[in-house]
Novice: 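Please read through the structure below; I'll follow up with questions.
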Amino acid sequence: MKKTLILSTALAGFGFAAHADITVMSWGGAYGEAQTEAFVKPFIAATGKPTVMVDSDNPAPAIKAMVEAGNVTVDVASLEYADAIRLCDEGILEPIDAAKLPAGTDGTPAMEDFLPGAVTECGVSTDIWSNVFAYDTTKFPEGPKTVADFFDLEKFPGKRGLRKGAKAVLELALMGDGVPASEVYNVLSTPEGVDRAFAKLDTIKSQVVWWEAGSQAPQLLADGEVAMTTAYNGRIFAAAMNEGKPFQIVWDGQIYENEMFVVPKGAPNLADAMEFVAFATSTEGLRASAQQISYGPARKSSMAEPIIFKDGKTEMAPHLPTAPENMTNALETSSEFWVDHDAELNERFQAWLSQ
């Protein structure tokens, strides 16, 4: 077997992985590490095919640029659900034959085993993750408890960390302003609703520290630069479990979705890429991922038995976005909404930032 290479690299140019047989682009940090342990290393061990992991703050723009430039050096990429749908519609991604995905370990055909919506024309779910907000318990021993508290600078003073973009921020603002999760996209689909979201953001704008890479959110919290921050739930869990950080997630108002493995059009190792996707999204692959980081598996068979964290003792169920107690006021991201409105709302968001 050739030597395994696990790389973290910046996106300066597209030639960084020319030496690798199979290149997987993901989000870095604790998530990239979890995917390396759950998917990449076992795939190498099972097939003998050298595979590398490269990092991006957001793989979607990089993949789109590669395909449009005719210089694709990535075989598999991890994309947010709406980006996977949009780039598939634009012809940027290869179709994935669902018939070639493995059955569950209990024999259930793949399309019956995956949760609804987890397999699309060009993507297969790697996990169900969530945008949440979290705080340092040493600073706020009694809370916050609700999404409205994130916007309450009087009761909970201090700076706020927010992802620099419209998606999940506008939804959070509406829920923080009292809109129930079930009504968020109805409200956000109107000009008045968009105005209302930005008006709510105005109330904390002067206190916001913006982050772009998923690893930045827990670091901002750890460094004391913010009193609370939105974050990907698995990053907060990893900081608490792996580093002993006194972080607490507030699940009220969580915004969850499937993360998708996709194959860029013109991937240099197309057959191997499809093999990797099928391997990673098997019952065993998705279960192994959930043992590394607190994102929920998208296969029923992966959840047939209790999932235990890699420490060998922590049961993962209460820490997953899909745990019943965490779903009380949860919002599933609308991929249709963001496919239709991403460009216009991010244009307005950037204009709002500069005001």
Side-chain angles (χ1 to χ4, degrees), residues 1-7 14 16-27 31-56 59-60 62-63 66-67 72-79 81 84 87-88 91-115 118-127 258-292 295 297-299 301-302:
M1 183 185 300
K2 296 180 182 178
K3 184 178 179 181
T4 301
L5 299 175
I6 307 298
L7 303 180
F14 296 142
F16 51 74
H19 62 284
D21 282 1
I22 304 168
T23 301
V24 181
M25 178 179 281
S26 191
W27 298 77
Y31 191 46
E33 292 171 7
Q35 290 189 324
T36 295
E37 294 299 321
F39 304 146
V40 175
K41 289 182 179 179
F43 181 75
I44 294 168
T47 67
K49 297 177 180 179
T51 304
V52 301
M53 176 74 78
V54 296
D55 297 350
S56 171
I63 293 303
M66 286 184 186
V67 174
V72 181
T73 58
V74 166
D75 298 295
V76 177
S78 181
L79 301 188
Y81 197 87
L87 294 186
C88 185
I92 300 297
L93 306 177
E94 297 280 356
I96 292 176
D97 185 356
K100 294 184 178 179
L101 298 175
T105 50
D106 58 0
T108 303
M111 291 306 291
E112 297 177 23
D113 193 31
F114 277 100
L115 298 175
V119 180
T120 64
E121 181 183 352
C122 300
V124 185
S125 177
T126 61
D127 56 74
N258 284 281
E259 182 73 12
M260 308 296 279
F261 266 153
V262 302
V263 176
K265 184 75 71 174
N269 302 289
L270 180 59
D272 288 337
M274 294 298 180
E275 182 183 2
F276 178 87
V277 170
F279 179 91
T281 60
S282 65
T283 297
E284 300 91 336
L286 297 188
R287 185 177 181 81
S289 177
Q291 291 172 327
Q292 294 288 327
Y295 298 136
R299 274 185 182 257
S301 59
S302 300

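In this text, all values refer to a predicted model and were calculated from it rather than measured experimentally.
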Novice: Mind checking ring pair (Phe, Tyr, Trp, His ring centres under 6.0 Å) for Tyr295 and listing every partner two or more places apart, or none if nothing turns up?
Specialist: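 Partners of Tyr295 under the ring pair (Phe, Tyr, Trp, His ring centres under 6.0 Å) test: Tyr31.
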Novice: Taking only residues at least two apart or on different chains, which pairs with a member in residues 267-279 satisfy salt bridge (charged side-chain N to carboxylate O under 4.0 Å, His left out)?
Specialist: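 Salt bridge (charged side-chain N to carboxylate O under 4.0 Å, His left out) check on residues 267-279 returns Lys49-Asp272, Lys49-Glu275.
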Novice: Grab the two heavy atoms, one from Met25 and one from Ile63, that are nearest each other, plus how far apart they are.
Specialist: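 Minimum heavy-atom contact is SD-CD1, 4.3 Å.
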Novice: Would the distance check show the side chain of Ser56 and the main-chain N or O of Ser26 forming a donor-acceptor pair, the cut-off being under 3.5 Å?
Specialist: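 Not a single qualifying donor-acceptor pair exists.
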Novice: Please examine the side chains of Asp21 and Thr51, heavy atoms only from C-beta on, and report whether any two atoms are closer than 4.5 Å.
Specialist: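 No; the side chains remain at least 4.5 Å from each other.
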Novice: Taking all non-hydrogen atoms of both residues into account, name the closest pair between Ala98 and Val119 and its distance.
Specialist: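 Here Ala98 and Val119 meet closest at CB-CG1, 4.1 Å.
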Novice: Taking the side chain as every heavy atom from C-beta outward, state whether Thr23 and Thr73 have any pair of such atoms under 4.5 Å apart.
Specialist: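 Counting from C-beta outward, Thr23 and Thr73 never come under 4.5 Å.
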Novice: Nearest 0.5 Å, please: how far is CG in Leu93 from SG in Cys122?
Specialist: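 Here the interatomic distance stands at 5.0 Å.
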Novice: Does some side-chain heavy atom of Phe276 sit less than 4.5 Å from a side-chain heavy atom of Thr47?
Specialist: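 The answer is no, as the side chains (C-beta and beyond) never meet within the 4.5 Å cut-off.
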Novice: Which residue pairs pass the salt bridge (charged side-chain N to carboxylate O under 4.0 Å, His left out) test with at least one member in residues 96-114, sequence neighbours excluded?
Specialist: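 Output for this query lists Asp113-Arg299.
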Novice: Could you grab the distance from atom CD1 of Ile92 to atom CG of Leu87, nearest 0.5 Å is fine?
Specialist: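 Answer for the CD1-CG pair, Ile92 versus Leu87, is 6.0 Å.
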Novice: Output yes when a side-chain donor or acceptor of Thr108 lies under 3.5 Å from a complementary backbone atom of Gly104, and no otherwise.
Specialist: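 Looks like no, no N/O pair under 3.5 Å.
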Novice: Any chance you could measure Asp127, atom CG, to Gln35, atom CD, to the nearest 0.5 Å?
Specialist: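 Taking CG in Asp127 and CD in Gln35, the distance rounds to 7.0 Å.
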Novice: Starting at CZ of Phe279, measure out to CD1 of Ile44 and round the result to the nearest 0.5 Å.
Specialist: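 If I round to the nearest 0.5 Å, the distance is 10.0 Å.
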Novice: Test side chain to side chain contact (heavy atoms under 4.5 Å, CB included) on Val24 and Val54 and set out the steps.
Specialist: CA-CA 6 Å; Val24 181; Val54 296; over 6 Å; no
Novice: Just to verify, what does Glu284 make a side chain to side chain contact (heavy atoms under 4.5 Å, CB included) with, not counting sequence neighbours?
Specialist: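 For Glu284, the residues satisfying side chain to side chain contact (heavy atoms under 4.5 Å, CB included) (neighbours in sequence not counted) are Thr105, Ser282.
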Novice: Nearest heavy-atom pair of Ser302 and Thr283: which atoms, and what distance?
Specialist: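 Of all heavy-atom pairs spanning Ser302 and Thr283, the closest is OG-O, 3.0 Å.
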Novice: Just how far is it from atom CG of Asn269 to atom CG of Asp75, taken to the nearest 0.5 Å?
Specialist: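 If we round to the nearest 0.5 Å, Asn269:CG and Asp75:CG are 4.5 Å apart.
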Novice: First locate atom CZ of Phe39, then atom OG1 of Thr126, and finally report the distance between them rounded to the nearest 0.5 Å.
Specialist: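 So the gap between those two atoms works out to 5.5 Å.
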Novice: Distance-only, no hydrogens or angles: does the Trp27 side chain make a donor-acceptor pair with backbone N or O of Ser78 under 3.5 Å?
Specialist: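 Judged by distance alone, yes, a pair lies under 3.5 Å.
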Novice: Quick check: closest heavy atoms across Phe114 and Val124, and the distance to 0.1 Å?
Specialist: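 Here Phe114 and Val124 meet closest at CZ-CG1, 3.6 Å.
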Novice: What residues, two or more places apart in sequence or in another chain, satisfy side-chain hydrogen bond (donor to acceptor under 3.5 Å, both in side chains) together with Glu37?
Specialist: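 Only Lys41 meet the side-chain hydrogen bond (donor to acceptor under 3.5 Å, both in side chains) criterion with Glu37.
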Novice: Taking all heavy atoms of Leu286 and all of Ala298, pick out the closest pair and write down the distance.
Specialist: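 Scanning both residues, the minimum pair turns out to be CD1-N, 3.8 Å.
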Novice: How close do Gly285 and Ala38 get, counting heavy atoms only, and between which atoms?
Specialist: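 Minimum heavy-atom separation between Gly285 and Ala38: O-CB, 4.3 Å.
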Novice: Taking only residues two or more places apart in sequence or in another chain, which ones pass side chain to side chain contact (heavy atoms under 4.5 Å, CB included) with Glu94?
Specialist: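 By the side chain to side chain contact (heavy atoms under 4.5 Å, CB included) rule, Glu94 matches Val263, Lys265, Leu270, Met274.
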